[in-house]
Structures are given as C-alpha cells and as structure tokens.
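Working notes for the structure below.
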Amino acid sequence: MVLKVFNTLGRRKEEFIPVNPGEVRIYVCGPTVYDYIHIGNARAFVVADIVRRYLRYKGFKVRYVSNITDIDDKIINRARDLGISIQELAETYSDAYFEDIAKLNIEKADVTPRATQHIPEMIETIEKLIGKGYAYVADGDVYFDVSKFKDYGKLSGNKAEALEMGARIEVNPKKKNPADFALWKSRKPGEPGWYSPWGKGRPGWHIECSTMAQKYLGETIDIHMGGKDLIFPHHENEIAQAEALTNKPFVKYWLHNEWLTVEGEKMSKSLGNFVTVRDALKMCSPAVLRFFLISAHYRSPLDFNRDALKTAGRNLERLIRALERLNGTPERETRVIEDEVLISEVEAEKKKFEEAMDDDFNTPLAISALFSIARLINNYLNVNKTIEKATKRRVLKIFINLLGVLGIEWAKDKKETRTDELFKGILELLIDVRNELRRMKKWEIADRIRDDLGKMGIILEDAGKETKWMIKSEKL
RNA sequence: GCCGGGGUGGCCGAGAGGUUCAGGCGGCGGGCUGCAGACCCGCUAUACAUGGGUUCAAAUCCCAUCCCCGGCUCCA
C-alpha cells in the first residue's frame with residue numbers, strides 16, 4: 001500500500017518516497033522553553049509522534065530529531081521578569097516539557113539538540129552564507145538577504161514584495177529589505193552573548209533549526225513537521241538558509257497541522273484562554289487527552305472543550321472495554337467457524353485502518369475501524385463464552401498494535417487502582433454479601449448497596465453470577 | 001491589501017463526481033438483565049452555508065454571494 005502525505009510545499013497529496021529507501025528522517029520543531037507547553041503544542045507533538053509510529057509500523061527505520069530552543073527573546077524576557085537566570089528557566093521548562101510529553105506517551109526523540117549547544121555550528125553556517133553572498137553584516141547583526149534567494153516564498157506563497165506591503169512592523173534601518181531576517185543578533189545590554197566574528201551576540205531563531213536539522217539528519221531530510229503557524233516565516237526562512245547553503249532541497253515533505261482552538265477561539269495570553277497540558281490533565285487522563293487530539297484529522301481545526309473531552313473519554317473507554325473483555329475471556333483449544341469469521345473480519349478492519357493511515361494519516365477514519373473491531377469482539381463474546389486460543393491471541397495482537405500506532409497503550413492507561421488490600425477485602429466482602437442478598441431476592445438492599453457505592457465512585461456491574469467492580473475514574 | 005483554511009444530521013467528525021451517504025456521542029425504542037450497567041439491534045439520519053452553472057449523475061467540479069477562522073509580527 002502506498003502512503004500519501006499532504007505536502008505543504010506544493011499543497012497537494014503526494015506519494016511518500018523517502019530519500020533513502022527504507023529509512024525516514026524526521027525533524028520536528030520543538031518548544032521554546034520559557035513556559036509550560038500548551039495543548040496546541042501537544043497536538044503538534046502528538047501528530048508528529050503518530051507519523052513516526054506509523055512509519056515504523058510500515059517497516060521504515062525512523063530517525064527522529066526534535067530540538068529545544070533555549071535561547072530567544074521570550075526566554076530572556078521571562079527570565080528577567082522572574083529574576084532568575086536563563087539557564088535556570090530553560091532547564092525548568094525543558095524538564096517540564098519532557099515530563100508532559102512522556103505523560104502523553106509521546107516517544108522521546110532520538111536526538112534532542114539544544115540551540116545553546118550548537119552555537120559554533122550556527123556561526124559556521126552564517127559565515128558560509130556570508131561567503132556565498134546570501135547574508136550581510138550590519139553593525140554587529142547578520143541578516144539573510146532575501147533578494148538573493150530566488151525561491152523565497154515557495155513554501156508559504158508569500159512574495160517578498162507583498163510582505164513589504166503588509167508589514168506593520170517598524171522598518172529596521174539595518175536591513176536592506178524589510179523581508180530580510182536576522183541570522184545573528186548583536187547583544188543588547190543585559191542580554192547573554194556568545195563570541196562571534198561579528199561581536200558578541202546570539203543566533204536568530206531560524207538558523208537554530210536548520211543548522212541542527214542538517215547536522216543530525218543531513219542536507220536533505222525527509223519530513224519536517226510543525227504547526228501551520230510555523231510555515232511563515234520560520235520554515236520559509238529555514239528553507240532559504242539551508243538551500244542557499246547546499247543548493248540542495250532541504251526538506252522533501254513539509255507537514256503542518258492545523259490549530260487547536262479553545263471554546264472556538266484561538267489560544268492567546270490576552271484572551272486568558274491558554275490551556276497548558278498540565279491544566280488539561282486536571283480534566284482528563286493523558287490517554288483521553290491524546291485520544292481527543294487525534295479525533296480530528298491533523299489538518300482540520302479542532303476545538304478543545306469539556307464536551308469534546310467527555311466524548312473522547314467515552315469513545316476510548318468503549319475501545320478499552322472491548323479489549324479487556326476479550327483479554328479476560330477463557331480460552332479453548334478447538335477452533336470453530338466463528339473464530340475463523342472473527343479473524344477474517346478483524347483482518348479486514350485492520351486493512352481499513354491501514355488504508356486510512358496511508359491517506360495522509362487519517363486518524364478519525366482509522367479510529368472508526370477500531371470501533372468496528374470492538375463491535376466484532378463484543379458480538380462474538382455475546383454468543384461465545386470462550387474463544388480459541390490462537391484466535392484470541394491474533395485478535396488481541398492486532399487490536400493492541402493498532403492502538404499502539406495511535407500511541408494508546410492499554411497497559412499504561414490501566415486505571416491505577418490505588419487501593420490497598422484492606423479496602424479490597426472489605427469491598428469484596430460487601431459484594432459477597434450483596435450477592436447473597438440477590439440470591440435471596442432482597443433486591444432493595446442489594447440495589448441500595450450498588451447505588452450507594454456508585455455515589456462513592458465505585459461501580460458494580462453484575463454479569464450473571466459474577467460481579468465486577470471498578471473505581472470510576474472521573475478522568476476517563 | 002496580499003496569501004491560506006473552513007461551513008456536512010441534535011453534537012463531534014470522515015468522505016471530495018455515481019451502488020441504500022463512515023464512525024462515535026447524545027436522545028428514543030427494542031433485546032439481554034430481578035432492576036441497573038456493560039453489550040447487541042433499530043430509529044433519530046433521503047445532512048452537506050446560499051444562489052446559479054457544468055454533467056446522465058455534485059457535499060464533491062466551475063462561478064458568484066454570505067458567514068467563520070487563520071498567516072503576512074513571537075506563536076504548534
């Protein structure tokens with residue numbers, strides 16, 4: 001099956017063919033560590049994570065690099081406001097970032113380069129660009145000369161001339177052209193600076209990414225991802241820098257995800273509707289948040305709100321329940337026709353899942369195949385009280401693998417039963433007594449026990465003679 | 001001003017020329033159950049912003065209009 005991806009460069013779906021057969025190199029723009037990451041960041045990282053997992057599922061060897069921007073205006077200002085050092089601030093929030101993405105089950109990158117640890121490489125790149133006539137020095141700053149790069153605007157569709165018209169920023173008199181962008185910024189009083197041929201200063205934002213991407217992934221990388229806001233100017237400028245340097249295509253496929261809104265509005269500090277991952281995780285479990293984030297196609301807008309989270313929780317629960325139900329079903333040796341049918345139908349859904357993912361990572365459509373699998377399992381188990389061993393294994397494996405592609409790990413998300421033995425003992429005693437009451441048809445008392453426990457967050461479900469209990473996780 | 005993305009059933013959300021229009025949630029009805037839950041079945045659902053056009057056939061293509069959102073400035 002052919003994987004198709006929507007390439008921002010060209011704005012159309014293309015067949016995915018990596019530069020080197022069987023091997024994919026991905027670069028994802030990581031966070032600027034001046035604050036906790038928000039759910040919009042999380043969407044971008046989850047999408048990238050799924051791209052990575054699915055490519056691996058398809059048999060590609062994946063090398064995945066995602067940077068940390070630890071020097072930038074926002075960091076400098078924030079550190080100043082808080083009265084702490086830049087290093088301290090960056091350290092705090094990069095630690096928080098790793099914690100947050102780990103919770104969301106986003107795999108760690110193979111390499112996580114930090115901007116401040118690659119200053120010499122950036123200086124070298126800038127020197128080369130100056131040498132090739134693409135950049136010029138102006139009073140301690142270095143700017144990229146957009147007019148020298150023919151393809152400028154090919155990613156975003158913005159023309160350098162048009163940018164001048166719309167630009168509301170005050171014109172920087174050091175620039176030859178308003179669209180030129182800084183490769184190196186001279187140090188202002190109170191700011192940190194690194195020694196360079198142009199005096200003390202620090203690198204521009206764009207040069208960080210292109211330099212580190214090329215250092216770890218080579219001159220032409222397969223996939224570069226990020227939120228759509230990065231298309232311009234960030235990615236446009238990365239292309240200019242990298243391609244001016246090598247005369248080779250910098251990135252084969254550019255993938256950008258749409259915005260996540262909150263209650264219909266874009267997140268912004270001024271609206272006060274910024275939702276960090278940490279805030280969101282007070283409302284739902286990490287698995288639910290992740291499941292919510294992939295409930296729409298990555299190129300469609302998605303709105304974060306309580307109802308949507310609730311629905312995501314129910315949906316995920318439906319899948320997990322079916323999985324657990326199958327897992328808990330007793331095995332038998334003999335295979336019957338129903339087993340054959342189940343396997344072939346589940347295999348058909350697996351194929352649908354793959355087709356959906358092959359079509360530019362269509363997660364909502366892929367998820368619908370998972371619902372079908374859940375239904376098939378439930379239907380089977382409604383009639384069959386046992387399942388043939390190999391059938392069970394096969395279906396479980398498919399189900400778990402497909403969930404795994406989406407980064408939903410059943411074992412990891414198992415509700416932590418933070419209950420001690422004493423609690424369990426008492427509860428089981430209570431259930432036994434209740435079942436005794438049920439046998440005696442004392443429904444009123446039996447129901448009262450179930451209802452009252454329900455109010456306390458403990459759910460009892462009678463299935464024949466057995467009674468299952470679970471702690472209602474408000475998070476799910 | 002220049003560029004871009006959208007408007008699909010009560011809600012969310014796939015589909016991008018053609019058999020009866022995914023899937024989930026919610027609601028209603030039924031089955032199972034002592035009841036409830038979970039699960040299954042059915043209905044809600046002959047929906048695709050509006051007006052034209054192309055076509056044997058249009059959510060899907062074309063034109064116009066309305067509305068929403070975004071980029072052009074740090075931003076996933």
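If you're wondering where the values come from, they're calculated on a predicted model, not measured in any experiment. Protein chains get the first letters and strands the later ones, always in sequence-line order, with residue 1 at the start of each.
Salt bridge A/K188/A/D73: absent, no basic N to carboxylate O contact under 4.0 Å. Salt bridge status for A/K13 with A/D359: present, with a side-chain N to carboxylate O gap under 4.0 Å.
Between A/H256 and A/H235, the ring planes lie tilted relative to each other; the angle falls in the 30° to 60° range. Using bins of under 30°, 30° to 60° and over 60° for the plane-to-plane angle, the ring pair A/H234/A/H206 lands in the tilted bin.
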Mark up nucleotides 31-45 of chain B, 5' to 3', with B wherever a protein heavy atom is under 4.0 angstrom from a base atom, S wherever such an atom reaches only the sugar-phosphate, and - elsewhere.
-> ---BBBBSSSS----

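Contacts of A/F144 classified as ring pair (Phe, Tyr, Trp, His ring centres under 6.0 Å), with partners at least two apart in sequence or in another chain: A/F181. Contacts of A/F304 classified as ring pair (Phe, Tyr, Trp, His ring centres under 6.0 Å), with partners at least two apart in sequence or in another chain: A/F292.
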Identify each donor-acceptor pair in which a side-chain atom of residues 347-354 of chain A lies under 3.5 Å from a protein atom, sequence neighbours left out, and give them as a table.
residue : atom : partner : partner atom : Å
A/E347  : OE2  : A/R394  : NE           : 2.9
A/E347  : OE2  : A/R394  : NH2          : 2.8
A/E354  : OE2  : A/Y57   : OH           : 2.6

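Remark: the separation of the C1' atoms in B/U73 and B/G27 is 47 Å, to the nearest Å. The P atoms of B/C41 and B/U8 are separated by 28 Å, rounded to the nearest whole Å. Across B/G4 and B/G51, the matching C1' atoms stand 25 Å from one another, rounded to whole Å. Taking the P atom of each, B/G5 and B/U55 are spaced 28 Å apart, rounded to whole Å. Remark: the separation of the P atoms in B/C68 and B/C63 is 23 Å, to the nearest Å. Distance noted for atom P between B/A49 and B/A16: 16 Å (whole Å). A gap of 15 Å separates the P atoms of B/G15 and B/U60, to the nearest Å. One P atom belongs to B/U20, the other to B/U46, and the distance between them is 13 Å to the nearest Å.
Contacts of A/L260 with the nucleic acid, taken as non-hydrogen atoms under 4.0 Å apart, include base atoms.
In RNA chain B, runs of at least 3 stacked Watson-Crick or G-U pairs (N1-N3 plus N6-O4 or O6-N4, or N1-O2 plus O6-N3, all under 3.5 Å) give these stems: B:1-7 with B:66-72, B:10-12 with B:23-25, B:26-31 with B:39-44, B:49-53 with B:61-65.
The main-chain N or O of A/V275 is never found under 3.5 Å from a side-chain atom of A/D279 such that the two would form a donor-acceptor pair.
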N/O to N/O distances under 3.5 Å, protein versus nucleotides 3-5 of chain B:
residue : atom : partner : partner atom : Å
B/C3    : O2'  : A/S156  : O            : 3.4

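Position along RNA chain B of the nearest nucleotide to A/L230 versus A/F371 favours A/F371 as the more 5'-ward residue. Of the residues near RNA chain B, A/T311 and A/I39, the one whose nearest nucleotide (by heavy atom distance) lies more toward the 5' end is A/T311.
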